[in-house]
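Please read the structure below before turning to the comments.
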Amino acid sequence: MDQEKSKPIRLYQVWKGSNRFLCGGRLIFGPDVASLFLSTFLIAVPTIAFCVRVLLIIKQRIKENKDAIPWYSVLTVGIVLTVLDILFLFLTSSRDPGIISRNTTPPECDETVEINTPSIEWVNGRTPHMKLPRTKDVVVNGHTVKMKYCDTCLLYRPPRASHCSICNNCVQRFDHHCPWVGQCIGIRNYRFFYMFVSTSTILCIYVFVVLWVNILCQKGSKWKAMLGDVLSAVLIVYCFIAFWFVGGLTVFHFYLISTNQTTYENFRYRYARKENPYNRGMIKNLKEVFFSKVPPSMIDFRAYVLEEQIMVMEATDPTFIGSIASSMEKNDIEMGDEFVLDNGASLPEIFQNLEFEGIEDNMKQREENERYDSSPFLFLAEQELKDPEIISPIKVGRNSEKNMKQQAENERSDFSPALFSAEQELKDSVIISPIKVGGNAEEKHDEATSDPPIASVQA
């Protein structure tokens with residue numbers, strides 16, 4: 001029972017990268033391996049057409065009793081160049097480019113690291129919090145080079161290594177990911193990649209020159225000869241266009257080899273303002289690429305792994321569903337200093353593409369809308385208390401109603417003061433109308449002005 005539970009399987013079957021494996025893990029392709037067939041088609045079809053055209057020329061020369069032996073050599077060279085070109089393409093695409101083995105746990109923190117070094121915090125459900133420096137300094141040929149920490153592979157990438165986002169692997173001496181071969185170009189297949197590109201350039205030149213010389217050797221107008229030989233004309237145009245593509249790549253990569261750079265380093269202007277620590281001179285750089293021993297693969301994809309190891313790999317894989325909570329807490333340093341906070345910590349990868357201001361505004365607006373729908377008058381009153389300068393609809397309604405009543409009262413007072421005072425007296429007995437005040441005054445005046453004789457007689 002224990003043996004059945006711990007049944008071993010191959011490493012390539014549980015590999016967390018995006019690679020595709022064939023022949024039991026012996027052949028390693030990239031996720032876009034379908035482009036390999038397109039590249040093969042673009043090479044094989046024109047060369048097959050070229051070989052057919054050469055055979056027709058040989059047949060015609062034999063009928064005319066002319067020497068056809070030179071054309072046999074032309075055909076042979078064309079076939080050899082085609083086979084070499086496809087072979088280098090296959091070696092580049094199906095070979096391990098220099099994938100670095102992943103760690104199942106983060107490396108131990110170095111106690112000698114300075115406190116002020118920007119760091120990240122790695123969190124896992126079964127592992128306590130650990131602070132790791134984002135970069136480490138190493139000395140290469142007397143120059144200080146930084147090794148960056150890879151949050152996906154849980155390791156410090158060696159110098160000149162980088163993580164390919166397409167293959168999802170860290171690759172030694174990463175040059176670029178070529179879509180035409182469907183594979184990363186690294187330390188273990190760069191030589192074959194350059195041979196593939198240069199062989200394609202030579203093949204284009206060879207087909208173009210042979211067919212163009214054949215047209216020039218024909219009698220009559222050259223345009224008529226091309227119209228009479230449509231296949232040759234099409235191949236000439238095709239090779240002329242393809243030459244500028246593969247030829248440009250050949251020249252560019254020869255320059256990179258001569259200066260010991262990679263495409264990744266060149267595009268990022270890595271050595272624009274500082275000296276290249278890997279440049280040892282043109283001759284030594286050429287020997288390093290073409291005549292040095294290809295380093296062995298760091299990973300044996302055909303090795304057996306146990307189910308216990310698989311569970312550990314899944315638990316530490318950031319894409320595994322069971323570790324979503326832990327991966328949300330991990331800090332990503334792949335983007336360098338672009339998402340580094342003021343305190344030296346990096347923003348977690350899952351939050352890097354979010355617009356926090358927009359989310360916060362949307363949440364506040366949604367809460368306000370819900371509160372307004374439930375009780376609009378209470379919501380407006382709260383807004384008025386928070387900001388007195390805000391004029392709420394309730395306050396505006398009350399003020400407008402008071403203003404309208406005051407205006408109507410003023411108009412009625414101006415039109416008939418006596419009638420207006422009487423109405424006010426009826427509404428509120430406390431208000432003393434001018435008519436009543438006038439009547440009381442007249443009575444007091446009459447009493448004060450009464451005749452004294454009458455008062456004496458009454459007395």
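All heavy atoms count here, side chains included; hydrogens, waters and symmetry mates do not.
- The backbone N or O of Val171 sits nowhere less than 3.5 Å from a side-chain atom of Asn169 that would complete a donor-acceptor pair.
- Of all heavy-atom pairs between Cys184 and Cys164, the closest is SG-SG, 3.1 Å.
- Under the 30°/60° scheme for interplanar angles, the aromatic rings of Phe208 and Trp212 are found to lie parallel.
- Because its NZ or CZ atom is not both nearer than 6.0 Å to the ring centre of Phe290 and within 45° of the ring axis, Arg191 does not count as a cation-pi partner of that residue.
- For the 3.5 Å distance criterion, the side chains of Tyr271 and Glu265 qualify, holding a donor opposite an acceptor.
- Side-chain polar atoms of Asn168 and His163 form a donor-acceptor pair below 3.5 angstrom.
- Side chains of Arg53 and Asp229 form a contact here, defined as non-hydrogen atoms less than 4.5 Å apart.
- Applying the side-chain contact (heavy atoms from CB on, under 4.5 Å) rule to Val237 yields the partners Ile241; only residues at least two apart in sequence or on another chain are considered.
- Between Tyr12 and Phe21, the ring-plane angle classifies as tilted under the 30° and 60° cut-offs.
- Tested against Phe50 for a side-chain contact (heavy atoms from CB on, under 4.5 Å), the candidates Val74, Leu203, Leu231 yield a single pass: Val74.
- Considering only heavy atoms from C-beta on, Thr250 comes within 4.5 Å of Tyr194 through its side chain.
- When Phe193, Phe267, Tyr264 are each tested for a ring-ring contact (aromatic ring centres under 6.0 Å, His included) with His176, only one passes: Phe193.
- Phe37 CZ to Leu42 CG: the interatomic distance, rounded to the nearest 0.5 Å, is 13.5 Å.
- One distance of note links CZ of Phe192 with OG1 of Thr199; it measures 12.0 Å at 0.5 Å rounding.
- With a 6.0 Å radius and a threshold of 12 heavy atoms from other residues, nucleotides or ligands, Phe240 has its CZ atom at or below the threshold.
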Show your working on side chain to side chain contact (heavy atoms under 4.5 Å, CB included) between Thr262 and Leu256 and close with a plain yes or no. CA-CA 6 Å; Thr262 64; Leu256 295 179; over 6 Å; no
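- To the nearest 0.5 angstrom, Ile43 atom CD1 is 4.5 Å from Phe196 atom CZ.
- Here the rule is side-chain contact (heavy atoms from CB on, under 4.5 Å) with Val83, and of Ile79, Val80, Ile86 only Ile79 fits it.
- Judged by a 6.0 Å distance limit and a 45° cone about the ring axis, Arg10 is not positioned over the six-membered ring of Trp15.
- The closest side-chain heavy-atom distance from Lys63 to Lys59 is below 4.5 Å.
- Looking only at distances, a side-chain donor or acceptor of Arg26 sits under 3.5 Å from a matching main-chain atom of Cys23.
- Counting heavy atoms of neighbouring residues, nucleotides and ligands inside a 6.0 Å radius, atom CD1 of Ile69 does not exceed 12 of them.
- Atoms CD and CG, on Gln218 and Asn214 in that order, are 5.0 Å from each other to the nearest 0.5 Å.
- Of all heavy-atom pairs between Val246 and Thr201, the closest is O-OG1, 3.1 Å.
- Proximity of a side-chain donor or acceptor of Asp137 to a complementary backbone N or O of Lys146 within less than 3.5 Å is not detected.
- Between Tyr156 and Pro133, some side-chain heavy-atom pair lies under the 4.5 Å cut-off.
- Distance alone, capped at 3.5 Å, places no donor-acceptor pair between the Ser93 side chain and the Gly182 backbone.
- Annotation: Trp180, atom CH2; neighbour count of heavy atoms from other residues, nucleotides and ligands within 6.0 Å does not exceed 12.
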Tell me, with the steps shown, if Ile9 and Tyr304 meet side chain to side chain contact (heavy atoms under 4.5 Å, CB included). CA-CA 5 Å; Ile9 58 177; Tyr304 289 102; 5.9 Å; no
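- To the nearest 0.5 Å, atoms CG (Leu89) and OG (Ser200) are separated by 7.5 Å.
- Contact record, Phe88 with Thr92: O-OG1, 2.7 Å, taken as the closest heavy-atom pair.
- Side-chain atoms of Ser258 and Asn285 include no donor-acceptor pair closer than 3.5 Å.
- Contact detail for Cys170 and Arg157: the closest heavy-atom pair is SG-CD, 3.4 Å.
- Of all the heavy atoms in Cys153 and Cys150, the pair that sits closest is N-SG, 3.3 Å.
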Could you walk me through whether Asn189 and Leu91 pass the side chain to side chain contact (heavy atoms under 4.5 Å, CB included) check? CA-CA 7 Å; Asn189 64 347; Leu91 289 175; over 6 Å; no
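- In summary, the side chains of Tyr190 and Arg173 do not present any donor paired with an acceptor at a separation below 3.5 Å, with no hydrogens or angles considered.
- A donor-acceptor pair is defined here as one N or O able to donate and one able to accept, closer than 3.5 Å; such a pair exists between the side chain of Asn260 and the backbone of Tyr278.
- Across every non-hydrogen atom of Ser73 and Tyr206, the tightest pair is O-OH, 4.2 Å.
- Remark: side-chain polar atoms of Arg95 are paired, donor with acceptor, to backbone N or O of Arg188 under 3.5 angstrom.
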Given Thr152 and Arg102, is the side chain to side chain contact (heavy atoms under 4.5 Å, CB included) satisfied, shown in steps? CA-CA 8 Å; Thr152 304; Arg102 301 185 179 209; 3.9 Å; yes
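- Rounding to the nearest 0.5 Å gives a distance of 11.5 Å between CZ of Phe174 and CD1 of Ile99.
- Using modelled atom types and a 3.5 Å distance limit, the side chains of Ser297 and Asp96 yield a donor-acceptor pair.
- Defined by atom type and a distance below 3.5 Å, a donor-acceptor pair is present between the side-chain atoms of His177 and Asp32.
- Under a 3.5 Å cut-off, the side chain of Arg61 and the backbone N or O of Ala68 do not form any donor-acceptor pair.
- Ile299 is listed as a side-chain neighbour of Leu11, based on a closest heavy-atom distance under 4.5 Å.
- Put simply, the side chain of Met147 reaches to within 4.5 Å of the side chain of Pro159, judged on heavy atoms.
- Counting heavy atoms from C-beta outward, His143 and Glu275 have side chains that approach closer than 4.5 Å.
- Between Tyr72 and Val54, the closest side-chain pair of non-hydrogen atoms is not below 4.5 Å.
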